[in-house]
Amino acid sequence: PQGPQGVPGAAASSTRTVVTDSVTVPVDGNVSKSISCTEGTVAIAAGWGMSDIIVRASYPAADPKTWSFRLGNTTGSDITNITFYVVCIA
């Protein structure tokens, strides 16, 4: 049997923001990069805007407002201005 109706909760509200940063990965190099959301928000997703880069890892860091990446470059030349995006919510 179903129990009695509970007390209604507070209305949900969230604010979504996107934080961006860029990095250069030198030829035959590996780089680690972390991007943090502003205080009071948490990172829920991330991405990047470059097809030539090797993303060895993309994961939420121990700090819930931070997303981390590990990158590699085997193209034979520096890859510059790779833009990374982190989606944050409050």
Side-chain angles (χ1 to χ4, degrees):
Q2 183 175 353
Q5 175 72 37
V7 176
S13 87
S14 64
T15 302
R16 181 185 68 90
T17 57
V18 177
V19 177
T20 62
D21 200 356
S22 62
V23 67
T24 295
V25 181
V27 62
D28 297 323
N30 294 294
V31 171
S32 292
K33 178 73 175 170
S34 292
I35 302 172
S36 293
C37 299
T38 58
E39 282 300 320
T41 63
V42 295
I44 61 166
W48 52 92
M50 170 65 71
S51 60
D52 292 339
I53 196 73
I54 298 168
V55 178
R56 300 187 189 284
S58 170
Y59 56 94
D63 175 356
K65 71 175 191 277
T66 302
W67 200 278
S68 296
F69 303 89
R70 284 197 347 244
L71 318 167
N73 175 4
T74 59
T75 64
S77 60
D78 292 351
I79 300 176
T80 59
N81 296 323
I82 306 157
T83 301
F84 289 87
Y85 306 87
V86 176
V87 179
C88 310
I89 61 167

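As the structure is a computational prediction, the values presented were derived from the model and not from experiment.
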Assess the side chains of R70 and N30: does a donor N or O sit below 3.5 Å from an acceptor N or O?
no
Evaluate the side-chain proximity of I54 to L71: yes if any heavy-atom separation is below 4.5 Å, no if none is.
no
When hydrophobic residues are tied together by side-chain contacts of less than 4.5 Å, even through go-betweens, does V31 share a cluster with V19?
yes
Spacing of OG belonging to S34 relative to CZ belonging to F69, to within rounding of 0.5 Å
8.5 Å
Closest contact, heavy atoms only, S77 versus T75:
O-OG1, 2.9 Å
Is the backbone of P26 close enough, under 3.5 Å, to the side chain of N73 for a donor and an acceptor to pair up by distance?
yes
So for atom CZ, which belongs to R16, do other residues, nucleotides or ligands contribute more than 12 heavy atoms lying within a distance under 6.0 Å?
no
Give, for atom SG of C37 and atom CD1 of I44, the distance between the pair rounded to the nearest 0.5 Å.
8.5 Å
Closest non-hydrogen contact found for A45 with W67 is N-CZ3, 3.7 Å
N/O donor to acceptor pairs below 3.5 angstrom from side-chain atoms of residues 79-90, sequence neighbours left out:
none

Which heavy atom of V25 sits nearest a heavy atom of G72, and at what distance?
CG1-C, 4.2 Å
